[in-house]
Amino acid sequence: MKNKIVLWSITASLAGFLFGYDTVVISGADKKLQLLWHSSDAFHGSVVMGMALWGTVIGAIFGGIPTNKLGRKKTLILIGMLFTASALGSAFANDPITFAMFRFLGGLGIGASTIAAPSYISEIAPSKDRGRLVALYQFNIVFGILMAFLFNYFLNGLGDNSWRWMMGIQTIPAVLYTLLVLTIPESPRWLVTKNRNEEAKVILEIINPDENVDKMLVDITANDNQADKSETIFIKKYRFPLILAFLIALFNQLSGINAFLYYAPRIFQEAGLGESTALLSSIGIGITNLIFTLIGVALIDRLGRKTLMYIGSFGYIISLSLVATAFFFHWQGIAVPAFLFLFIASHAIGQGAVIWVFISEIFPNHLRASGQSFGSSTHWVFAAIIPSLVPFLFSTIGAGVVFLFFAAMMVLQLLFVHFMMPETKGISLEDLSKTLTSS
C-alpha cells in the first residue's frame, strides 16, 4: 500500500520535471534567439525570455479554479496537455511572437502545476511522510533543470537551429506524464469537499491501511462541514497563513534563484568564462541542485521545515555576498562558479525543499487550492519581474550590485524564519488548520 502512495506521489510530482525543464531550457537558446531575431535587450528579456513567466503568473492566479472545480487529477492531465503543446509549438516557431505565445502555454502549465501537484500529494500523504512526498515535486523540478542543462550542452553543437531541438525534445516526457496521470486516483480530501465520501473512503483505506479510516473520514468530513464554503483566504480569519505564504514566496524570488537559472550561461560569461565552459558550468549547477535537493528531501521530515530554512538562509547570505564581492573585484576563473554552486546548494536544501511543502500545509482543505494559488502567484509575479530585468540591470548597475541586493534580502528572510515561521512537520492537515487559523 505504501508503494502505491509513493508511486502516485512520484507520478503527480513529474509535473515538476516538466516545470524545471521548461523553465531552464530557454537559457541555452537565450543568445541564439536574440541574435536570430535581432531583439533589443528590453524586448528579448520581457517578451522572448519573459513571456513564459507571465504565463506562469496567469496559471498560478487562475490554476486554483480547475483544481477546485475539476479536481486535482483532471487539472494535472490538463497541465500535461499544455506542456505538450508548448514544446511542439516553440520548436517550430519562426518568429519571436509565435515563439512567445507557445512559451506562454508552457508557463500556464508551470503555474497550474505549482498548485495542483503539491495540493494533490499533501492530501494523499500520511502526516509523517508528507514533507518528503511533497518535496518529490521539488526534486523533479531540479531533475528537470539538470536535464535541460545537459540537453542544452550536448545539443549546442547542432548549429543555428539547435534551440529547436532543445525546446522540442520536451514533448516526449510531456506525453508520457499525461498518460501516467490517467492511472492515479483522485484526492480523497477533494472528494469529501464534493460529498463523494464513499469514493474518498476507498482511497483512504489504501493510503492509511493501519489507521482507523472511519475516524479519519469523520475528522475530514467534520473539518469540511465546519467550513463556510463562501469564505475566501482574504478574510481576517486566514490572515496569518496568508502572510506566511506571501513572505516565503516573496523571499524565494528575492534570493535571485530564477534570475540565476534563466541566465546561468550569461552570468558565467560575465565572470569571464567562454560559452562552452559556461554551459558546462551550468551542468555542474544542475548536479549540485539535484544532490542537495535529495539531502533536503531526506531531512525535511526529520529536522523539520524551519531548520532547513535556517540552513538555507545562512548559506544564501554567505554565497551571495561572495558572488557580489567576486564581481566587484573582478575575480576570474573558478571563483564565481564555486560561489554560485554554494548558492544553489543553499537554495536546494532550504527554500527549494520547503516552499511547496509549506504552502500546501498551512491552509484548510476547502481553501488549499486558493491558498496554494496565492502563494504560487506571489512567487511567479516576482519570478517574472526579476529575471526580465536582469539583462538591463547587468548592463547598467552591474552584476555585483544585483547580487549584493539579493544577499541583503536574505538577511530579511532569516528574520522571517526566526520570528514568524511555524514548524509544520508531522502534524495532520486538519490540526494545522485549527492551529494557524484565528477564531
Side-chain angles (χ1 to χ4, degrees), residues 2 4-20 60 63-64 67 72-73 75-76 79 110 112-144 181 184-190 203 207-208 241 244-245 248-249 252 292-309 312 347-365 367-369 371-376 379 421-433 436:
K2 186 174 182 180
K4 281 191 175 182
I5 301 169
V6 173
L7 180 61
W8 297 339
S9 299
I10 290 173
T11 299
S13 71
L14 287 174
F17 177 89
L18 298 171
F19 163 176
T67 305
R72 287 37 168 158
K73 178 178 176 176
T75 304
L76 290 170
I79 287 164
I110 292 173
S113 80
T114 59
I115 300 164
S119 294
Y120 177 83
I121 300 169
S122 72
E123 290 176 351
I124 67 166
S127 299
K128 63 183 179 63
D129 299 318
R130 189 175 61 240
R132 64 187 181 89
L133 289 177
V134 178
L136 287 173
Y137 177 70
Q138 177 65 21
F139 168 78
N140 272 288
I141 292 172
V142 300
F143 185 46
V181 171
I184 66 176
E186 184 52 86
S187 157
R189 285 179 166 88
W190 179 81
I203 300 167
I207 294 171
N208 301 280
L244 292 174
I248 196 169
N252 183 284
F292 282 88
T293 296
L294 279 170
I295 294 172
V297 170
L299 295 177
I300 194 167
D301 283 321
R302 297 181 186 179
L303 301 182
R305 290 62 159 149
K306 191 165 182 171
T307 301
L308 293 189
M309 287 291 287
H347 174 79
I349 204 169
Q351 272 272 13
V354 171
I355 180 171
W356 305 119
V357 176
F358 187 73
I359 295 175
S360 74
E361 295 174 321
I362 58 178
F363 292 95
N365 293 333
L367 291 173
R368 179 160 297 109
Q372 193 84 20
S373 177
F374 173 78
S376 180
H379 174 279
M421 185 178 176
E423 183 53 74
T424 57
K425 73 166 183 173
I427 306 171
S428 75
L429 295 175
E430 288 69 36
D431 287 342
L432 279 171
S433 175
L436 299 177

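Any value given below was found using the heavy atoms of this structure, including those in side chains, with hydrogens, waters and symmetry copies removed.
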Notebook entry, point to check: If we ignore angles and hydrogens, is there a donor and acceptor under 3.5 Å between the side chains of Tyr120 and Thr75?
Noted result: no
Notebook entry, point to check: Between Thr424 and Arg305, is any side-chain donor less than 3.5 angstrom from a side-chain acceptor?
Noted result: yes
What I'd like to find out is whether the side chain of [X] reaches to under 4.5 Å of the side chain of [Y], using heavy atoms alone.
X: Ile184; Y: Leu76; answer: yes
X: Leu429; Y: Arg130; answer: yes
X: Pro422; Y: Phe358; answer: yes
X: Gln351; Y: Ile248; answer: yes
X: Lys425; Y: Thr307; answer: no
X: Val181; Y: Thr11; answer: yes
X: Trp356; Y: Ile121; answer: no
X: Trp8; Y: Pro185; answer: yes

Minimum heavy-atom distance between [X] and [Y], given as atom pair plus value:
X: Met309; Y: Gly350; value: SD-C, 4.1 Å
X: Arg368; Y: Phe363; value: NH2-O, 3.0 Å
X: Leu133; Y: Pro126; value: CD1-CD, 4.3 Å
X: Ser433; Y: Pro364; value: OG-CB, 3.3 Å
X: Ala116; Y: Ile79; value: CB-CD1, 4.1 Å
X: Asn140; Y: Ser13; value: ND2-OG, 2.8 Å

Could you give the distance from [atom1] ([X]) to [atom2] ([Y]), rounded to the nearest 0.5 Å?
X: His379; Y: Gln372; atom1: NE2; atom2: CD; result: 11.0 Å
X: Leu308; Y: Ile349; atom1: CG; atom2: CD1; result: 6.0 Å
X: Ser119; Y: Ile124; atom1: OG; atom2: CD1; result: 12.0 Å
X: Leu136; Y: Asp129; atom1: CG; atom2: CG; result: 10.5 Å
X: Lys4; Y: Ser9; atom1: NZ; atom2: OG; result: 13.5 Å
X: Ser187; Y: Asn365; atom1: OG; atom2: CG; result: 8.0 Å

Check: What do the steps show when you test Arg72 against Arg189 for side-chain contact (heavy atoms from CB on, under 4.5 Å), and what is the final call?
Finding: CA-CA 10 Å; Arg72 287 37 168 158; Arg189 285 179 166 88; over 6 Å; no
Notebook entry, point to check: Yes or no on side-chain contact (heavy atoms from CB on, under 4.5 Å) for Ile359 and Thr114, after CA distance, side-chain angles and deciding distance?
Noted result: CA-CA 10 Å; Ile359 295 175; Thr114 59; over 6 Å; no
Margin query: Between Ser113 (side chain only) and Ile110 (backbone N and O only), is there a donor and an acceptor less than 3.5 Å apart?
Written below: yes
